[in-house]
Protein chains: 2
Amino acid sequence: MSQHQDLAGQRASGSRRGKGGDGAERHEVIYRSISDAIIEHRLKPGARLREDALAEVFGISRTGIRKILQRLALEQLVTLTPRRGASVTRPTADEAREVFEARQMVECGLMPAVAQRLDEQSVNALRELSAQEQKALQEGDHSAAIRHSADFHTHIARLAGNATLAEFVERLCFRSSLILAVYGRPGHLGCETHDHEALISLLREGRGQEAATLMGHHLRAVEATLAIVEEDQEAPDLHQIFLN
Amino acid sequence: MSQHQDLAGQRASGSRRGKGGDGAERHEVIYRSISDAIIEHRLKPGARLREDALAEVFGISRTGIRKILQRLALEQLVTLTPRRGASVTRPTADEAREVFEARQMVECGLMPAVAQRLDEQSVNALRELSAQEQKALQEGDHSAAIRHSADFHTHIARLAGNATLAEFVERLCFRSSLILAVYGRPGHLGCETHDHEALISLLREGRGQEAATLMGHHLRAVEATLAIVEEDQEAPDLHQIFLN
DNA sequence: GCGCGTGACAACGTATACAATAAGCGGCAT
DNA sequence: ATGCCGCTTATTGTATACGTTGTCACGCGC
């Protein structure tokens, strides 16, 4: 999909170009591919991401892959250990707590502004996202459901009109997806879509403060479904185990 | 020229480890060097950062420089235009507004937690930073004052115990420094140190809510000293100029 | 029999070489 | 004289080659 700019590019460049239609664009696509795979749990936390394997899969050299990997590392979706390569980040319990605390502060704080600026078109977009999420849930498609849920929260944040904060929320949502992968209990899914619908209604009626309260409860509810316990970390702390 | 890295090379070559005594560490140092120069306004917004010039200055190849430049770009301290190279970011007026709005939300929101967790040692550290800032101001050392002010805000945020939010605040402070460089009026400096001292006192007494209020006023005051008007952007909008 | 040292392999980090592109400039035509 | 076009150059983007380092396995010594 979205090849509608191909013809424009063709005409403009006079088609003298070599293989890479648009180099920078291709990197963006690859970035999204990997990012999506992580967020949708097709790549699980801890999975190793070897540079040359990725380079071969996507048909570019390791140089490009490294650039993408570094970007993902700065967004804390992958962990880059100095001479051991890249792997999908496995969030610690502390990080999980931090991420939800941050979401609590920012997403709730954004609600009043969203309630003020919301227009009918945005309401429809949100409803669409919420519906897609519910549909995915009913079909048992975990990957899609998680993705749509993150999209919903990100989209709402964007409506407040502050791109900086919206981007921050987006990254928090991505990390939340990782947290769900590690600490989520198999039965429960992350977000109750019922909450999402209620949230839309409150926002539509301009009741920003109540929306903030609901968002707070919603996030707390999601966090409560998690089993946030430090799994056996790599350093099992033999002292504490055997010297007691 | 620029053989000042000989000492580093000397020690490294003395051992068997090959030249790069600690490769990753060196990159970190270079990153900090450039980052500091930007934050302290020794590199002004709009300044071009050519890859091979930096490579020569720091004695590494362009590959390493590019990695650092990309990191700086993701933190929005430098702008990377596709085939034109890197330059120090010149924040737009919108970005300025967004950054201060974000700081308002997060830094104020952090105050209660800081007030709760503050211990005597941290108070001393904060006082030290505030004193350094004031000293730099009195000596007319703009660079140092700006840096210490950013350090102060970052440090306070860190005390809330949420590394994720603290890192976000740090990045906002860095960007604020850029904003000051572009929109700051020559006379005024960013932060009134008096506010900082008062903030410490409130926090020390555990009055988190009042500290949040003060922080809010403080940030608004800083923002008010700015002349946030869109300067002549690259498209001077000839229509509006001549067709009126 | 078990632990440790050494060697081979594989993966990453760095540098360098090459290709592609946009800007600057001079010449040429009108 | 002026505007346009092609060439040159400077600078980034990409790939590949090499060096370094961490890991694993095999063998030796205790």
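Heavy-atom basis, side chains included; hydrogens, waters and symmetry copies ignored. Note on naming: letters A, B, ... go to the chains in the order of the sequence lines (proteins, then strands), and numbering restarts at 1 for each one. Just so we're clear, the structure is a prediction, and the values are computed from it rather than from any experiment.
For B:I60, the side-chain atoms get nearest to C:dA15 when compared with the rest of C:dA11, D:dT12, C:dA15. Proximity note for A:R48 (side chain, C-beta onward) versus C:dG13, D:dA15, C:dA11: the nearest is C:dA11. When the nucleotides C:dT21, C:dC12, C:dT14 are ranked by their closest atom to the side chain of B:K67, C:dT14 comes out on top. Distance from the side chain of A:R66 is smallest to C:dT14 among D:dT14, C:dT14, C:dA11. For B:S61, counting side-chain heavy atoms from C-beta on, the closest listed nucleotide (D:dA15, D:dT12, C:dT16) is C:dT16.
Distance, B:I65 CD1 to C:dT16 C1': 15 Å, rounded to whole Å. Atom-to-atom, CD1 of B:I68 to P of C:dT14 comes out at 9 Å; the value is rounded to the nearest Å. Note: CD (B:Q70) to P (D:dT12) measures 13 Å, nearest angstrom. D:dA10 atom P lies 10 Å from atom CZ of B:R50, rounded to whole Å. For the pair A:D52 CG and C:dA11 C1', the computed distance is 7 Å after rounding to whole Å. Residue A:E28 contributes atom CD, which lies 15 Å from atom P of D:dG13 at whole-angstrom precision. Note: CG (B:L54) to C1' (D:dT11) measures 13 Å, nearest angstrom. Distance, B:H27 NE2 to C:dA15 C1': 11 Å, rounded to whole Å.
Between B:E51 and B:R62 there is a salt bridge, since a side-chain N of the basic residue sits under 4.0 Å from a carboxylate O of the acidic one.
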Could you give me the CA-CA distance, side-chain angles and deciding distance for A:F58 and A:I68, then say whether side chain to side chain contact (heavy atoms under 4.5 Å, CB included) is met? CA-CA 12 Å; A:F58 291 107; A:I68 294 167; over 6 Å; no
I would like to know whether A:Q70 and B:R71 meet side chain to side chain donor-acceptor pair (under 3.5 Å); could you show each step before the answer? CA-CA 8 Å; A:Q70 273 159 17; B:R71 181 168 162 197; over 6 Å; no
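The residue A:R62 sits close to a base: some heavy atom pair falls under 4.0 Å. Contact annotation for B:R84: backbone-only contact, meaning every heavy-atom pair under 4.0 Å involves sugar-phosphate atoms and none involves a base.
Residues A:F168 and B:R171 are not in side-chain contact: their nearest non-hydrogen atoms beyond the backbone lie 4.5 Å or more apart. With contacts defined as side-chain heavy-atom distances shorter than 4.5 Å, the pair B:C173/B:V169 qualifies.
With 3.5 Å as the limit, one finds a donor-acceptor pair spanning the side chains of A:T79 and A:T89.
Taking CG from A:L172 and CD from A:Q104, the interatomic distance works out to 12.0 Å, rounded to the nearest 0.5 Å.
Overall, the helix from C:dG1-D:dC30 to C:dT30-D:dA1 carries an axis bend of 0° between its ends, with five pairs at each end and the value rounded to 10°.
Across the interface with DNA chain D, nearest-nucleotide mapping of B:T63 and B:L49 shows B:L49 to be the residue nearer the 5′ end.
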